[in-house]
2 protein chains.
Amino acid sequence: MSNHQSRPGGRTARVRADVLRAVDDLTTEQPLTQLTLAQVAERSGVHLGTLYRRWGTLDGLLLDAVAERLTTGSPIRDTGNLHADLEDYAHRVAEDLSGPDGQLLLRTLVAVRLGTKAELPPALTRRFDEMQALLDRARARGENPPTLQQVVDIVVAPLYTALLFGTTPANPATLVDRLLKLHPDQ
Amino acid sequence: MSNHQSRPGGRTARVRADVLRAVDDLTTEQPLTQLTLAQVAERSGVHLGTLYRRWGTLDGLLLDAVAERLTTGSPIRDTGNLHADLEDYAHRVAEDLSGPDGQLLLRTLVAVRLGTKAELPPALTRRFDEMQALLDRARARGENPPTLQQVVDIVVAPLYTALLFGTTPANPATLVDRLLKLHPDQ
DNA sequence: GGTTTGACGCGAAGATGTTCGCGTTAGGCG
DNA sequence: CGCCTAACGCGAACATCTTCGCGTCAAACC
């Protein structure tokens, strides 16, 4: 007996790629609020029914698109210099949030948190895991790094709320300095 | 010639009150995602067409509901002790975000930021203004208070991201201590 | 290659969401 | 009190969103 439970290759993968590319194109051409599944269907050449079957809702599809983009983006650096790595990370987050991906991420995050599913997008937990690993390695080197929650609260959170409130975000370097000033090595 | 441009009293006010009460009830009974204008119409006894006429969209109605709730809430204290006032404020924000109001606020904020309107809910800007006045008075007393952006970044932002990521928020007192430690009086 | 079957295309049906015109009610004002 | 008209009730028309069944195609395994 063969295990014929899923079939991720070939045409399925091609359809997914077409759809995600259509989402990418459409989100750069127009405001996110007027994006519909019907538009994605027409642009991608994939039938509307297929979109409902595979992704269920527009938010589900957008979540997949964001996860894909952020995952394919370059991972967190680990150069051995905690200060430099944190600045690099903060810069990356600030960049991600300032672009169209920021709006996308915010929208899907809220949709997920307010919906039935309580889970974060895989791409986000992956980033947090990478950051945790970075901090662990710093500790292994004998440094006294901050906790993950401190990094999130002091460096990441202000970047998100700037997007939420429409204010200009603080400089990433300033945020990292603030974090390390609160939590000096040794 | 009379000025017959608006008519805010009497029945109009009653309808608005009925509708907002229905929103309050429904948001505590079920997840926010499955709330519809049709539900609000049925519960409040106000015709569906009226809801579309006055509020346009569900998000518009929710925005009004949030503004009403946050405005009727007690204002920021100003006891003359900056530390105590900040803690009181932080506590209040944490409370607001933890309940059903938090989801409501988050959803409307995202809707506003992603929609055509670029303006924040008046209730929020009002809170920020009150906080700014608090800081100004502290400065007038001869203290050296942090800036509004620092208060938002260090105290408010982590409370919002905790809701966004589904993590347990940091203690409000801890956040205020962190702010004042970074920015000692004199 | 041949067989199995998961995923897709297709279009129609069903469910929801949104707008509109018209008659009625009641607030504001003289 | 009586006029004017903004705001509402009403329901039908319109638009959009979502689901469903069926036939076809091609990926996965032999």
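Throughout, a chain's letter reflects where its sequence line sits, starting with A, and its residues are numbered from 1. Excluded from the calculations below are hydrogen atoms, water molecules and symmetry mates; all remaining heavy atoms, backbone and side chain alike, are included.
- Between A:Tyr52 and D:dT19, a side-chain N or O to OP1/OP2 separation shorter than 4.0 Å is absent.
- More than 12 heavy-atom neighbours from other residues, nucleotides or ligands sit within 6.0 angstrom of CD on A:Gln132.
- Residue B:His47 is the one, among B:His47 and A:Gly56, whose nearest nucleotide of DNA chain D lies closer to the 5' end (criterion: closest heavy atom).
- Side-chain atoms of A:Thr79 and A:Asp85 include a donor-acceptor pair closer than 3.5 Å.
- Following rounding to the nearest Å, B:Arg14 (CZ) and D:dG9 (C1') show an atom-to-atom distance of 14 Å.
- For the pair B:Leu58 and B:Arg53, both in contact range of DNA chain C, the more 5′-proximal nearest nucleotide belongs to B:Leu58.
- A donor-acceptor pair shorter than 3.5 Å cannot be found between the side chains of B:Gln34 and B:Gln39.
- D:dT19 atom P lies 10 Å from atom CG of A:Leu37, rounded to whole Å.
- A residue-by-residue look at B:Gly49 and B:Arg16 shows that B:Arg16 has its nearest nucleotide of DNA chain D further toward the 5' end.
- Here A:Thr12 does not reach the OP1 or OP2 of C:dA7: none of its side-chain N or O atoms lies under 4.0 Å away.
- As a whole-Å value, the separation of A:Leu48 CG from D:dT19 P is 10 Å.
- Evaluation of atom-type donor-acceptor distances gives no pair under 3.5 Å for the side chain of A:Arg11 against the base of D:dA27.
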